[in-house]
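Working notes, structure below.
Bear in mind that the values here come from a model prediction, so they are computed numbers and not experimental data. Worth knowing before you read on, the calculation uses all heavy atoms, side chains too, and leaves out hydrogens, waters and symmetry mates. So that the names make sense, note that chain A is the first sequence line, chain B the second, and so on, each numbered from 1.
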2 protein chains.
Amino acid sequence: MRASAICCSLDPVALDALSRLGRKIHVLAGQTLVWEGDESILVGNVLAGMLKLSTVTGDGREQIVGIVYPSDFIGRPFGRDSHHSVTALTDASLCVFGRSAFDRFAHEHGEVEHALLARTLVELDRARHWMLLLGRKSACERVASLILEMSARLNAEQEIALPLSRQQMADVLGLTIETVSRSLTKLKHAGIISLPGTRRLTIDAPDKLKRIADG
Amino acid sequence: MRASAICCSLDPVALDALSRLGRKIHVLAGQTLVWEGDESILVGNVLAGMLKLSTVTGDGREQIVGIVYPSDFIGRPFGRDSHHSVTALTDASLCVFGRSAFDRFAHEHGEVEHALLARTLVELDRARHWMLLLGRKSACERVASLILEMSARLNAEQEIALPLSRQQMADVLGLTIETVSRSLTKLKHAGIISLPGTRRLTIDAPDKLKRIADG
DNA sequence: CTGAAGGTTTGACCTCGGTCAAGGACCCGT
DNA sequence: ACGGGTCCTTGACCGAGGTCAAACCTTCAG
């Protein structure tokens, strides 16, 4: 928890006060911490594991709007309610705070607000970049982009242990499971990637992959 | 400028200091203030008019990733470079600051960072909500959603003076101009909207429009 | 009034990706 | 090893939306 980015700019006294506000929790893969539309009660940092942020249409179509990696922040400070669900993709542990208590604390500690602002701006850039993918890219381009994004965020060299199922990949990319599968085999047959197992992937031609990913 | 939200929480002395940092500029419809990939030099508030934020793929497909209304903030504080272009949709006037000067000022005035954080969080919610539209909604649902969003943000009752051309609507929605046009006529024939002119639109059945918009 | 230039609508056709359905591969407990 | 989940892949087919092309408006200059 001390290593998490929100706290790292605090002096010892403030850090102590903050740690008194928070508590460590564990969730199992598949558990949902926050439901879309619920009141925003929890915020916090991810210590280990990965989570997804998702929304659904009235008739149940799902879109994953963000993937949360260790040290990322979750929850919606300074807002009445949450606009998306937060669900664990893997077993995860987090350091969470009551939203209103955290809001008060952040308001009194400019460093926290600054760190949060920096983070939120990065997230906004990422979300907008993803809008280009969802609005304009073909299925193959989307899959290629996702592979590159994951390899970057997991700082995996070449071999990636996929953190997402095919269904989850489809939900991030705005595609169906079948199209994801077909795009992967297409990239495989082109000699750009290999799939040693269903959850393992190696990038054989990074340059070609990049060229496909951004048109 | 005094009415713009970033400044409104400042005391008179700080406000004076801030106003000394900024200057008022005017841009014509079509002019681009910031180019994607350029160094982030400008930030500021929109006083009047509307602008778009956009990105393009390697081969030139465009996606509008945000529409900026009066009193909204533009630019990327605390970051080396801009991830999207900023282009005026209409003639517009802005109050702009040098990015590094603004960064320094914001860092010293917690109220500014707080206001910016609140705004950025709202933008992030909006962007993620739009990802659902781009990833999962049909053409008609997208067009219906856009009409409702615009009527809300322009707080127009029923009759909307469309701020976007068909091409721009297509670029926000991740569609082509033809599909936008076809969806509009479909909604018109269903008696949900009417189109008294190419840039005028009235909502005749708001409830039906809402039901279409969110599946 | 006329004609040229944008933007918009409409139609005909085609393609990419969705849908439906049938295998495969893998994991796990017995 | 066996059977029954679950997840993944592959194939055949279909349809929403893209593409291409033509016709329609506006607007504005001459």
Residue pair Ser145(A) / Lys137(A), side-chain donor-acceptor N/O under 3.5 Å: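 Yes - a donor-acceptor pair under 3.5 Å links their side chains.
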
Cut-off 3.5 Å, side chains only: do Thr202(A) and Ser194(A) have a donor facing an acceptor?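 There is such a pair between these side chains.
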
Using 4.0 Å as the upper bound for N to carboxylate O, is an ion pair formed by [Y] and [X]?
X: Glu159(A); Y: Arg200(A); value: yes
X: Glu39(A); Y: Arg76(A); value: no
X: Glu141(A); Y: Arg211(A); value: no
X: Asp103(A); Y: Arg99(A); value: yes

For atom [atom1] of [X] and atom [atom2] of [N], their distance in whole Å:
X: Arg199(A); N: dT9(D); atom1: CZ; atom2: C1'; value: 16 Å
X: Glu178(B); N: dA16(D); atom1: CD; atom2: C1'; value: 14 Å
X: Lys188(A); N: dC8(D); atom1: NZ; atom2: P; value: 14 Å
X: Asp171(B); N: dG18(D); atom1: CG; atom2: C1'; value: 14 Å
X: Glu62(B); N: dG18(D); atom1: CD; atom2: C1'; value: 18 Å
X: Lys186(A); N: dG11(D); atom1: NZ; atom2: C1'; value: 15 Å
X: Leu195(A); N: dC8(D); atom1: CG; atom2: P; value: 12 Å
X: Leu184(A); N: dT9(D); atom1: CG; atom2: C1'; value: 11 Å

Thr179(A) vs Arg136(A), nearer the 5' end of DNA chain D by closest nucleotide: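 The residue closer to the strand's 5' end, by nearest nucleotide, is Thr179(A).
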
If you draw a 6.0 Å radius around CZ in Arg153(B), do more than 12 non-hydrogen atoms from other residues or ligands fall strictly inside?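 Counting other residues, nucleotides and ligands, CZ of Arg153(B) exceeds 12 neighbours.
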
Is the phosphate of dG18(D), meaning OP1 or OP2, less than 4.0 Å from a side-chain N or O of Thr176(B)?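 It does, given that an N or O in the side chain of Thr176(B) lies less than 4.0 Å from OP1 or OP2 of dG18(D).
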
For DNA chain C, which nucleotides open and close the run of contacts to chain B, 5' to 3', at under 4.0 angstrom from a non-hydrogen atom?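 Endpoints of the contacted stretch of DNA chain C: dT8(C) to dA12(C).
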
Taking for each residue the nucleotide of DNA chain C with the nearest heavy atom, is it Lys137(A) or Thr198(A) whose nucleotide lies nearer the 5' end?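 Here Lys137(A) is the residue nearer the 5' end.
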
Spatial distance of atom OG (Ser54(B)) from atom CD (Glu36(B)) [nearest 0.5 Å]: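 Between Ser54(B) OG and Glu36(B) CD, I get 7.0 Å after rounding to 0.5 Å.
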
Determine whether the aromatic ring centres of residues Phe102(B) and Phe78(B) are separated by less than 6.0 angstrom.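 Ring centres of Phe102(B) and Phe78(B) not closer than 6.0 Å.
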
Of the listed nucleotides (dA21(D), dG11(D), dG17(D)), which one gets closest to any side-chain atom of Arg182(A)?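 Out of dA21(D), dG11(D), dG17(D), the nucleotide with an atom closest to Arg182(A)'s side chain is dG11(D).
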
Letter per nucleotide, 5' to 3', of nucleotides 22-29 of chain D [B base touched, S only sugar-phosphate touched, - untouched; heavy atoms, 4.0 Å]: --------

